[in-house]
Amino acid sequence: MAGQSGLLGLTAHELAKKIEAGELSAREAAEAANARVEEVDTQVNAFVTPTPELALERAGRFDAGNGERKLWEGVPLVVKDVLSTRGVRTTCGSKILENFEPLYDASALVNFGEEPIMVGKSNMDEFAMGSSTENSAYGPTRNPWDLGRVPGGSSGGSAAAVAAGEGWWALGTDTGGSVRQPAALCGIVGLKPTYGRVSRYGLIAFGSSLDVIGPMTRDVRDSALLLQAIAGHDPRDSTSANVEVPDYLSELDGGVEGLRVGVVTELMDERIDAGVREVTRRVAEGLQSAGAEVGEVNLPHAYYALEAYYIIAPAEVSSNLARFDGVRYGLRVPAEGVHEMYRRTREEGFGAEAKRRIMLGTYALSSGYYDAYYAQAQKVRTKIIEDFRAAYARYDVLISPTAPSVAFELGAKTGDPLAMYLQDICAVPASLAGVPAISIPGGLSEGLPVGVQLMSDHFTEPMLLRAARTAEQVAGFEFAMKP
Ligand code: GLN
């Protein structure tokens, strides 16, 4: 076991290098991850569907191959259960897709490699709606730092799996913070790339104008490597950007000398816990000591971002979830007549939060209310995009907390949807603007990890990752496997 925990202690790029050098096999890596899942996942519940055999088979084929595969392909990967995986059930954390097996792999996985060595499909809030992974039909995931607390959400399974060493890295998805906030609460790195940077083909849609797939990793270098693996234009996703994929690793150690960094005033007020603000401020000061020019910046409409997001995202999801009707995918509850069958299927198949969002969204889009809600929210979205544009005229990177608090206790917010939505105040502005944003572990407050968020302009991930790499160094936070 000592050897395995040694292996589990590596970052993904270290593991990739060792596999490339022939010092370790992919099979040994897969065995170590499987053993760790076996050891801790009854407590953590990071996985809806672990795939130990599939991991071993694919790792075996990787090892037997001709070595012409990409550097990262030997490193086992955790995949959020919202990404379609051929022949492996994909539930989206919902009962309605309990037995749904996709016919193809999501493009992000196809880009990663011919046959990703997958540890399993990770737990999530139903259809990615939530900030705690308590809205899963498969039970909540627990935070490896404190099993009485939530891991954040909706990619809580992916975050917890990485924090618990049940894998070296994971894919999550971020519509309004779902990669960044759980990364923050679990003490790992979470990157939401620019909207359109990674294909959404095979990602089961929540908010189509917001959804982005992103890396969840132990350090910034691993995020750069995993983004390299999944990014790219895809003709099968009309919103995927036809922009060349740069080398995300080349600039990484370039430092922040002369970089202009703005601390976002609106995201540093009393809504944010004092301990979280303190850690954010320390990281900003660290960047200044490392040569950055640090100042204050305003995103005046950030105050309205949450309201706009909670109109736009439910509107889009109410339309996207219409396809789950008992006819084409997953669950069907038989009944007299097709309408009764739809009704019963959706009644039994969806959980409370999914139903709440469907109702909110349908209302916001309904005739007579469209202008008052949806059109208004779109105008606010434009204002927020303009705020970012103005901010980037003066600053290269913006900095704020990722979430307003550290991980909270299981059950603390389940009775109060608004309190849960408030978890997203720092994350949703970048989502609405479509700009890239990364959360790095900045330190501890109350003995629990605090995430610090860095944001930059569209398609400037190389610079963002370089700033994040320096931020991670000045923060001096060391990844340590929990529990
Ligand atoms: N917590 C937010 C929500 O519930 C964001 C979710 C996400 O990014 N998928 O909508």
Decide yes or no for Thr91 and Tyr138: does some side-chain heavy atom of the first lie under 4.5 Å from some side-chain heavy atom of the second? yes
What one should report as the nearest heavy-atom pair of Ala106 and Leu203 is CB-N, 4.5 Å
Does a side chain donor of either Ser405 or Asp273 reach within less than 3.5 Å of an acceptor in the other side chain? no
Apply side chain to side chain donor-acceptor pair (under 3.5 Å) to Asp234 and Ser199, showing your working. CA-CA 6 Å; Asp234 180 4; Ser199 170; 2.6 Å; yes
Answer yes when Glu340 and Arg343 have at least one side-chain N-carboxylate O distance shorter than 4.0 Å, and no when they do not. yes
Regarding Ser209 and Arg381, is there a side-chain donor-to-acceptor distance under 3.5 Å anywhere? yes
Between Asn123 and Ser136, do the side chains contain a donor N or O and an acceptor N or O under 3.5 Å apart? yes
Do you see a donor-acceptor pair shorter than 3.5 Å between the side chains of Ser94 and Glu126? yes
Distance-only polar pair, side chains of Ser439 and Thr402, donor-acceptor under 3.5 Å: yes
Min side-chain heavy-atom separation Phe477-Leu444 under 4.5 Å: yes
Distance-only polar pair, side chains of Thr362 and Arg357, donor-acceptor under 3.5 Å: no
Considering all heavy atoms, the nearest Ala437-Leu464 contact: N-CD2, 3.9 Å
Residue pair Ser155 / Lys80, side-chain donor-acceptor N/O under 3.5 Å: yes
Any non-hydrogen side-chain atom of Glu115 less than 4.5 Å from a side-chain atom of Arg69? yes
Both conditions, 6.0 Å and 45 degrees, for the charged tip of Arg86 above the ring of Tyr104: are they met here? no
Determine, step by step, whether Glu348 and Arg344 satisfy the salt bridge (charged side-chain N to carboxylate O under 4.0 Å, His left out) criterion, reporting the C-alpha distance in whole Å, the side-chain angles of both residues, the deciding distance to 0.1 Å, and the verdict. CA-CA 6 Å; Glu348 280 188 36; Arg344 292 235 211 128; 5.8 Å; no
Taking the side chain as everything from C-beta on, heavy atoms only, tell me whether Arg197 gets closer than 4.5 Å to Ile213. no
Under a 4.5 Å cut-off applied to non-hydrogen side-chain atoms, are Val40 and Glu166 in contact? yes
